[in-house]
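All remarks here apply to the structure that follows.
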Amino acid sequence: MSEPVRLSKRMSELGLCSRREADEWISRGWVRVDGTIVSVLGSKVLPHQKITVERQASAEQARRVTILLNKPVGYVSGQAEDGYLPAVTLVKAATRWSGDRSPTRFQPGQLRSLVPAGRLDIDSVGLLVLTQDGRIAKHLIGEDSTVDKEYLVRVQYTRPGRFPDSSLKLLNHGLSMDGKPLRPAQVRWQNEDQLSFVLREGRKRQIRRMCEIVGLRVVGLKRVRIGGVVLGDLPPGQWRYLRADEKF
């Protein structure tokens, strides 16, 4: 016999929305279970029950925006800290990239609930995703996310001699951090002082710490791709909307 689960959790599992959105929709009377409106938060459902959402919920979700920002050095991804500004403060009409082909018009209301879907350290630059859409956030940073992220990393070798091939192999697979093995990565030389890293996880300062273990010092770090979405020609400090034809 299947156990009942919270309606909001089940809606998130089905990819309808995030749990926070589900609770909002339930309280507004926008969710039906087997055709009957359920508006009590914490209600439970069985896996076989049919969940549908009213048109208002779908319309509201369609208005939610996802923004791609080329984060410069000196901004934090999330909450302001130690006097540093959060990256979201760069999102305004004046900093929208002139090459943005999206027909969406910028409105200050789009800044409400605009959260970073993933981190980028204060001293790192490149592609940062800010979204109002809980489904995208879950897809990119949920525990079971399989979306890969690509970084260009400028490094200096701090030990005598040449950087050994065995250390490059270790960067690809075999390192542990905080007592836990890292998932396999794809790491290769781009040129004599720059590596390309493709990761499927994002532990805190992961690339810098991986490099440190094998005697490399990171001089610069830039995220250039998240899944199928690339940074491209987006200038530092500017942003654009995620296009309808782009998928992570």
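Since we're looking at a predicted model, the values are computed, not measured.
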Do [X] and [Y] come close enough that some side-chain heavy atom pair is under 4.5 Å?
{"X": "R200", "Y": "D148", "result": "yes"}
{"X": "L221", "Y": "I207", "result": "yes"}
{"X": "V229", "Y": "L68", "result": "yes"}
{"X": "V53", "Y": "W25", "result": "yes"}
{"X": "V187", "Y": "L168", "result": "yes"}
{"X": "N191", "Y": "D193", "result": "yes"}
{"X": "R225", "Y": "L127", "result": "no"}
{"X": "L14", "Y": "I51", "result": "yes"}

Do the side chains of [X] and [Y] get close enough for a salt bridge, i.e. N-O under 4.0 angstrom?
{"X": "R205", "Y": "D123", "result": "yes"}
{"X": "E13", "Y": "R19", "result": "no"}
{"X": "D121", "Y": "K204", "result": "no"}
{"X": "E24", "Y": "R28", "result": "yes"}
{"X": "D133", "Y": "R135", "result": "yes"}

Flag, side chain of [X] to backbone of [Y], donor-acceptor distance under 3.5 Å:
{"X": "Q186", "Y": "N172", "result": "no"}
{"X": "Q49", "Y": "V33", "result": "no"}
{"X": "R10", "Y": "V5", "result": "no"}
{"X": "T95", "Y": "L90", "result": "yes"}
{"X": "D82", "Y": "Y84", "result": "no"}
{"X": "S18", "Y": "E21", "result": "yes"}
{"X": "D100", "Y": "R96", "result": "no"}

Test item: side-chain donor near acceptor, [X] and [Y], under 3.5 Å:
{"X": "Y241", "Y": "Q110", "answer": "yes"}
{"X": "Q238", "Y": "N70", "answer": "no"}
{"X": "Q190", "Y": "R188", "answer": "yes"}
{"X": "S124", "Y": "R208", "answer": "yes"}

Specify the closest pair of heavy atoms between [X] and [Y], including all atoms of both residues, with the distance to one decimal.
{"X": "V88", "Y": "L111", "value": "CG2-CD2, 4.4 Å"}
{"X": "R159", "Y": "I213", "value": "NH2-O, 3.2 Å"}
{"X": "I141", "Y": "A117", "value": "CG2-C, 3.6 Å"}
{"X": "C211", "Y": "F197", "value": "SG-CZ, 3.8 Å"}
{"X": "V147", "Y": "F248", "value": "CG1-O, 4.0 Å"}
{"X": "S77", "Y": "L128", "value": "OG-CD1, 4.1 Å"}

Interatomic distance, [X] atom [atom1] to [Y] atom [atom2] [nearest 0.5 angstrom]:
{"X": "S12", "Y": "D23", "atom1": "OG", "atom2": "CG", "answer": "10.5 Å"}
{"X": "T131", "Y": "H139", "atom1": "OG1", "atom2": "NE2", "answer": "11.5 Å"}
{"X": "E150", "Y": "S196", "atom1": "CD", "atom2": "OG", "answer": "4.0 Å"}
{"X": "L182", "Y": "R209", "atom1": "CG", "atom2": "CZ", "answer": "8.5 Å"}

Please check if atom [atom1] in [X] has more than 12 non-hydrogen atoms from other residues, nucleotides or ligands closer than 6.0 Å.
{"X": "D165", "atom1": "CG", "value": "no"}
{"X": "R20", "atom1": "CZ", "value": "no"}
{"X": "K222", "atom1": "NZ", "value": "no"}

side-chain contact (heavy atoms from CB on, under 4.5 Å), paired with V129, selected from T66, L242, I67 |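 Passing option: T66.
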Can you check whether W239 and F106 have ring centres sitting under 6.0 Å from each other?
-> yes
Which class fits the ring pair F163 and W189: parallel under 30°, tilted 30 to 60°, perpendicular over 60°?
-> perpendicular
